[in-house]
Amino acid sequence: MFADVIVDIQHEKLDKIFQYRIPESMEGKLEPGMEVLVPFGKGNRQIRGYVTGISGTCDYDLSKVKEIMEIPERAMEIEAKLVALAAWMKENYGGTMIQALKTVLPIKQKENAKVKKRLRLLLDEETGRRQLHYYQEKNQKARARLIAALLDDHVLEYELVTKKLNITTPVIRALEEQGVLAVETERIFRTPLKQNQQQTRRITYTPEQRNVISRFRQDYGAGVRSTYLIHGVTGSGKTEVYMEMIRTVVELGKQAIVLIPEIALTYQTVMRFYRRFGDRVAIMNSRLSAGERYDQMMRAKAGQVDVMIGPRSALFTPFPDLGLIVIDEEHEPTYKSEQTPRYHARETAIQRAKMENASVVLGSATPSMEAMYRARRGEYILFEMKNRSRMQRMAEVYTVDMREELKNGNRSILSTKLRELMEDRLEKGEQIMLFLNRRGYSGFISCRECGHVVKCPHCDVSLSVHRDGKMRCHYCGYEQPKITVCPECGSRYIGEFRAGTQQIEEIVHETFPQARVLRMDMDTTRQKDAHEKILSAFANEEADVLVGTQMIVKGHDFPNVTLVGVLAADMSLYTGDYRSGERTFQLLTQAAGRAGRGERPGEAVIQTYDPSHYAIETAAAQDYEAFYEEEIRYRELMGYPPAEQLLAVFVSGEDEVLLEKGCHYLKEYILRVIRGLSGREDARTGKTGVRTMQPAAAVIGPASPGIDKIKDVYRRVIYIKAEQYELLVAMKNRVEKYIEINSGFDSMRIQFDFNPM
Ligand code: ADP
Ligand code: ZN
Ligand code: ZN
């Protein structure tokens, strides 16, 4: 037997794995992730390495292969645990060991140390308050916001202020010139942020919060490690609960990782963690350079940090004694990696926790189908938090049937109800958000008269119009010519929904010439910092209306927004994939939650051509349970995850004819493997030869995935559906071998995506 061993894992060039012979005395004892001592180089210097895989064959000249020297006795190193996790990821998500290692290991890169800036308040409390008052009087909203924040915490990170508090550089400069604050520079690794005041305020937990906290404490104290799912409405106090759980494990000398989607990591949230845990908290975000990220990881490894907060990649923080992983907004699609290995942070967190004896806490106002399904089956412990901690009311939601508007002669994209409410808010000087529910590529055809949408007869997802004028299913490849007359009602008002944010902006201008409108979408945010500029202008109330795509729905708190309009709520229903109902429900619930964050109650208007669609009806009623019941029935009926498991095999290549041929052979091969597996299944049940048995898996496609050609590379996808995840993993391994030994696939690239999102 031979072992693949990586050495020197701290360096950028993580592309070499060496093979060593396993001495007989170690056979059966080695596993991926284990530390070994190996001879290295000409002088056979003894160095440490990590086993990444074990095989029966050797790719090198056998006479030159060296032997592993020994397995060190001491406990598993932090890196060894991460290498073992990488091995699990490679097996369960596909790709190479190198790709998996690069995902989980902190890798050192040479670069100049970045200088980090801080803002420090120079005024005493009383003068500061007077200055705040002065800015408020003069209606200088940004300055007021900044000084108010500095009065709360005398030192603030520059980045936090510009990116999360939506304050622009000129405002900071102005306050610097007025002697209100000083901009200081420090090197981040050496002197982490110190907060003057740690949280002293004690809050009285609600009964719902107490229940969750005490159950967690009890379990944890008794040595029980589990996965918990907190289903709690926005404002129910989930974050307070996370912090209390984190305190529990930190007091035991352990560490915690908190995953929060970057866009939801608001100024308020960051400050809450800083106040509670002081400089024992590190924040990771995508704006950190590779070097800064490495520094943060090393601080964590050295035991200088108890809590790491960040997006998906923070999951791989090399803590010496990990006790807890929290995943907030667990349903967010950003938790799925778009690069190989296409891992899901939720599943990977649960695996890491299992390997390191930690617990996992998932939280969401709209839990993913996967998480709720598992919770209902008893795999996770479920907590419900149905009340807002401070008894704020939820927004009032109205649904408007746009087919009725058309019948009544209103062809505008704004319904009468929404127009009336907008008029009211503009008069009162309150703010409005208009959200165009448009997501990525969609080109579905719908009837404006009756709401009918053309769907695939096999897959029950909407068909998409392609440039050649045909309508296709992205799963199975079914196609039909584009239609011009509604098959349901005969109307000619059928076609692609084309309105974009720019058009909406124009319509608002025409309808309300006095209104100041800002637009936020792909076009207006292309420039660096454009995001922050738009959001800060809106936060400063320099505009009455913010028009945008889903990037405006998440994360931002605007207390003066009391009306949210959702235009074309249906659009996300017909993106041609099985998750569109779930995404729609989540987006609409979030959008409605944007209205009425401050003192005043909010209202939301959902405009739709299909008001009786369950995703829209249940979102308007803010009824998660009802949504879940309907959705899980659909998933079970169609065999989509989480009821069954789905593996997407993406094949791409520059020669379309070859690609088609390759896909054909690949599908034939997959079908053969399935028949073999089903046959064996028959044998096991003693019914050999009986072919009435259900096949173990089904194959769908090949089809064009959404966009069938990017930069002259053609793409196809084959889906495999099965009840057992393990079967899909086995299938992935077989397919990998098959394409490796068939040179016909040399010009093609194959990637795997398990339960694609
Ligand atoms: P979620 O994470 O569920 O949206 P948060 O934990 O952010 O909820 O709580 C919402 C707001 O209510 C926060 O300002 C928080 O400080 C406050 N809060 C939470 N729990 C309590 C409580 N028991 N008493 C008073 N205020 C609370
Ligand atoms: Zn129709
Ligand atoms: Zn189909």
Side-chain angles (χ1 to χ4, degrees), residues 233-236 365-366 386-388 390-402 404-405 408 410 412-437 501 504-505 507-508 511-512 514-520 538-539 541 543-550 552-572 584-613 615-624 626-627:
V233 296
T234 314
S236 58
T366 51
K386 293 185 181 332
N387 302 303
R388 288 193 160 179
R390 292 180 300 180
M391 295 300 158
Q392 309 94 314
R393 265 193 295 146
M394 304 294 266
E396 182 94 42
V397 184
Y398 310 98
T399 314
V400 176
D401 186 341
M402 293 306 277
E404 292 296 319
E405 294 286 312
N408 298 333
N410 178 15
S412 163
I413 194 162
L414 301 176
S415 63
T416 315
K417 177 81 185 172
L418 183 55
R419 220 169 37 220
E420 281 170 7
L421 289 176
M422 285 178 73
E423 218 164 77
D424 171 69
R425 297 307 135 100
L426 289 171
E427 248 165 54
K428 287 188 193 150
E430 296 174 4
Q431 288 176 297
I432 302 159
M433 281 165 91
L434 292 183
F435 161 50
L436 180 66
N437 190 16
T501 39
I504 293 166
E505 186 185 10
I507 290 163
V508 175
T511 322
F512 305 104
Q514 79 283 16
R516 296 162 304 165
V517 186
L518 275 172
R519 174 160 64 93
M520 187 155 145
F538 195 59
E541 294 172 36
D544 308 297
V545 185
L546 177 62
V547 176
T549 46
Q550 44 283 9
I552 68 170
V553 198
K554 291 174 194 167
H556 315 286
D557 272 337
F558 300 110
N560 197 36
V561 170
T562 56
L563 175 64
V564 171
V566 181
L567 310 174
D570 313 318
M571 282 190 79
S572 60
T584 303
F585 178 80
Q586 290 162 353
L587 282 169
L588 296 185
T589 309
Q590 262 167 5
R594 289 296 113 193
R597 286 276 164 140
E599 303 296 306
R600 284 152 297 188
E603 288 176 304
V605 177
I606 295 176
Q607 299 191 164
T608 170
Y609 290 94
D610 194 0
S612 60
H613 189 288
I616 291 175
E617 214 170 47
T618 54
Q622 305 185 36
D623 185 348
Y624 177 88
F627 168 75

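Starting from 1, each residue takes its place in the sequence as its number. Any value given below was found using the heavy atoms of this structure, including those in side chains, with hydrogens, waters and symmetry copies removed.
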S.K.: Mind checking what makes side chain to side chain contact (heavy atoms under 4.5 Å, CB included) contact with Ala626, not counting sequence neighbours?
M.R.: Thr618, Asp623
S.K.: Excluding sequence neighbours, so at least two apart, what forms side chain to side chain contact (heavy atoms under 4.5 Å, CB included) with Ala569?
M.R.: Val566, Leu588, Ile606, Thr608, Ile616
S.K.: With a 4.5 Å limit on heavy-atom distance, are the side chains of Leu414 and Thr511 in contact?
M.R.: yes
S.K.: Please list, chain by chain and in numerical order, all residues satisfying side chain to side chain contact (heavy atoms under 4.5 Å, CB included) with Glu423, sequence neighbours excluded.
M.R.: Phe512
S.K.: Tell me, do Asp424 and Lys428 make a side-chain contact under 4.5 Å, heavy atoms counted?
M.R.: yes
S.K.: Taking the side chain as everything from C-beta on, heavy atoms only, tell me whether Val508 gets closer than 4.5 Å to Leu434.
M.R.: yes
S.K.: Shortest non-hydrogen contact from Val233 to Lys386?
M.R.: CG2-O, 3.8 Å
S.K.: Provide the closest heavy-atom pair for Leu567 versus Ile413 in the form atom of the first, atom of the second, distance.
M.R.: CD2-O, 4.1 Å
S.K.: Distance-only criterion, 3.5 Å: show the donor-acceptor pairs between side-chain atoms of residues 415-422 and protein atoms not counting sequence neighbours.
M.R.:
residue	atom	partner	partner atom	Å
Ser415	OG	Leu418	N	3.3
Ser415	OG	Gln607	OE1	2.7
Thr416	OG1	Glu405	OE1	3.1

S.K.: For the residue pair Val397 and Ala620, what are the closest heavy atoms and their distance?
M.R.: CB-O, 3.6 Å
S.K.: Can you sort out the partners of Glu617 under salt bridge (Lys or Arg N to Asp or Glu O under 4.0 Å), two or more places apart, ordered by chain and number?
M.R.: none
S.K.: Specify the closest pair of heavy atoms between Ala592 and Ala395, including all atoms of both residues, with the distance to one decimal.
M.R.: O-CB, 3.5 Å
S.K.: What's the shortest heavy-atom distance between Val545 and Phe538, and which atoms?
M.R.: C-CE1, 3.9 Å
S.K.: Which residues satisfy the side chain to side chain donor-acceptor pair (under 3.5 Å) test with Ser236, sequence neighbours excluded?
M.R.: none
S.K.: Begin with the C-alpha distance, continue with both residues' side-chain angles, and end with the deciding distance and a verdict on side-chain contact (heavy atoms from CB on, under 4.5 Å) for Glu430 and Leu563.
M.R.: CA-CA 8 Å; Glu430 296 174 4; Leu563 175 64; over 6 Å; no
S.K.: Please name all residues satisfying salt bridge (Lys or Arg N to Asp or Glu O under 4.0 Å) with Glu541, sequence neighbours left out, ordered by chain then number.
M.R.: Lys141
S.K.: Asp544: what forms a salt bridge (Lys or Arg N to Asp or Glu O under 4.0 Å) with it, not counting sequence neighbours?
M.R.: Arg516
S.K.: Just to verify, what does Ala539 make a side chain to side chain contact (heavy atoms under 4.5 Å, CB included) with, not counting sequence neighbours?
M.R.: Arg145, Phe558
S.K.: Any side-chain heavy atom of Ile432 sitting closer than 4.5 Å to one from Val561?
M.R.: no
